[in-house]
Amino acid sequence: MRKPFVAGNWKMNTNSQTSVELVKCIACGSVETAGQSVTVAVCPPFVYLQAVAKALSSSNIAVGAQDIYFESDGAFTGEISASMLKDVGCSYCICGHSERRHIIGESDELINKKVTAAIAGGLLPILCVGELIEEREASQTNKVVTRQVKKGLAGLSVEKLRAVTIAYEPVWAIGTGLTATPEQAQEVHDFIRKLLAEMYDGELAEEIRILYGGSVKPNNAADLMSQKDIDGSLVGGASLKADDFLAIIQAAA
Ligand code: PGA
């Protein structure tokens, strides 16, 4: 019922040449799956969005931004609006990635404004949530995730929630080579889906895709995505290698 979704978060990597080469390889190797059995998106740095979107124009791979600003235009030095992202060919937008929460200091309130603005601007937000290692060790995972989901989605109607994808990314698993076990991840995904059912309704909660992120690699992707409530993955490091990313797409199919 929920189509698997694999998104690549390139973070602050690639350049004008390698970004285009990378997506050409990904497009070439996923002709049979991308946009068909699996939704596939890549999220390059802002400055390469347009070139990447152009290189993907005849493919079924979507383009997403790694961040967004909630205002539509004006004196906001350095920021990028939803309409600008649409203009260069984006359909998705990551909101509240843990690196933005913990390095840049984004709050749940700011992230909620970004999610809301993304939807208002016709983009599909990927809301990232996840606990720090000390929060997990203190058995605070559910509490942290509840706060991030509730505050991140505050004020969204049932209709608007349909635009949202959630990514559960335990912070301790991001870029560390440590992965949540499929069982650990499934437990939190199940918890998030039940939370959505409580906040909205059970049927809608069954429609929302919840991706897992945190050191997803070709050798663990299939096990993770075979879990009942894991509907795909948000891939960092492995999305920078065409062969690895293609293997993860294949594992989702
Ligand atoms: P990683 O990053 O796959 O390199 O752990 C995932 C993410 O930050 O989305």
Side-chain angles (χ1 to χ4, degrees), residues 4-14 18-19 22-23 26 38-46 48-49 52 61-68 90 92-106 111 114-115 118 123-133 135-136 141 144-145 148-149 152 164-182 184-185 188-189 192 209-225 227 230-252:
F5 181 10
V6 175
N9 172 12
W10 295 2
K11 309 191 180 183
M12 200 170 71
N13 292 295
T14 71
T18 58
S19 58
L22 178 57
V23 280
I26 294 167
V38 185
T39 305
V40 178
V42 292
C43 304
F46 285 134
Y48 307 130
L49 282 170
V52 164
I61 298 178
V63 178
Q66 298 174 17
D67 188 27
I68 184 174
C90 282
Y92 290 89
C93 169
I94 298 175
C95 297
H97 187 275
S98 76
E99 285 144 22
R100 299 207 61 86
R101 289 179 188 267
H102 300 293
I103 302 174
I104 315 287
E106 289 193 5
I111 294 161
K114 293 184 173 194
V115 169
L123 294 166
L124 303 167
I126 302 173
L127 170 66
C128 299
V129 299
E131 81 287 1
L132 298 163
I133 189 63
E135 293 167 334
R136 172 161 286 261
T141 300
V144 170
V145 164
Q148 292 172 334
V149 170
V164 176
T165 298
I166 292 184
Y168 168 59
E169 301 202 300
V171 180
W172 48 273
I174 296 177
T176 56
L178 292 174
T179 319
T181 63
Q184 279 175 323
V188 183
H189 282 234
I192 293 172
R209 291 186 287 194
I210 308 175
L211 315 183
Y212 169 79
S215 300
V216 175
K217 307 286 175 206
N219 65 3
N220 60 22
D223 279 350
L224 284 160
M225 290 187 283
Q227 298 292 313
I230 302 184
D231 307 313
S233 43
L234 181 55
V235 187
S239 72
L240 294 167
K241 295 182 199 135
D243 287 348
D244 285 2
F245 193 58
L246 286 167
I248 295 168
I249 295 169
Q250 206 50 52

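In listed order, ligands and their atoms are each counted from 1.
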Original post:
Counting both backbone and side chain atoms, is some N or O of Ser215 under 3.5 Å from an N or O of ligand 1?
Top reply: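 Ser215 vs ligand 1: N/O contact under 3.5 Å present.
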Only heavy atoms of [X], strictly under 4.0 Å: list the atoms of ligand 1 that pass.
X: Asn9; value: 9 (O)
X: Gly175; value: 1 (P), 4 (O), 5 (O)
X: Gly237; value: 1 (P), 3 (O), 4 (O)
X: His97; value: 7 (C), 8 (O), 9 (O)
X: Gly214; value: 5 (O)

Subject >> Met12 side chain reached by Gln66 side chain, heavy atoms, under 4.5 Å >> reply: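 Of all side-chain heavy-atom pairs linking Met12 with Gln66, none is under 4.5 Å.
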Original post:
Do Glu135 and Val171 come close enough that some side-chain heavy atom pair is under 4.5 Å?
Top reply: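 No, side chains not in contact.
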Original post:
So which heavy atom on Leu22 is nearest to which on Leu240, and how close?
Top reply: CD1-O, 3.7 Å
Subject >> Minimal non-hydrogen separation, Ser239 against Gly8, with atom names >> reply: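 Shortest heavy-atom contact: CB-CA, 3.5 Å.
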Original post:
When you measure from the side chain of Ser215 to the backbone N and O of Ala173, does any donor-acceptor pair fall under 3.5 Å?
Top reply: yes
**OP:** Starting from atom 6 (C) of ligand 1, locate the nearest protein heavy atom and write down its residue, its atom name and how far away it is, to 0.1 Å.
**Re:** Gly236 N, 3.5 Å
Subject >> Residue and atom name of the nearest protein heavy atom (relative to atom 2 (O) of ligand 1), distance in Å to one decimal >> reply: Lys11 NZ, 3.2 Å
**OP:** Only heavy atoms count here, so choose which of Gln66, Lys217, Glu169 is nearest to atom 7 (C) of ligand 1.
**Re:** Glu169
Original post:
Name the one of Ile126, Val38, Asp231 that satisfies side-chain contact (heavy atoms from CB on, under 4.5 Å) with Phe5?
Top reply: Ile126
**OP:** Take every heavy atom of Ala173, measure it against each atom of ligand 1, and state whether any distance is under 4.0 Å.
**Re:** yes
Original post:
Can you say whether the rings of Tyr168 and His189 are parallel (under 30°), tilted (30 to 60°) or perpendicular (over 60°)?
Top reply: perpendicular
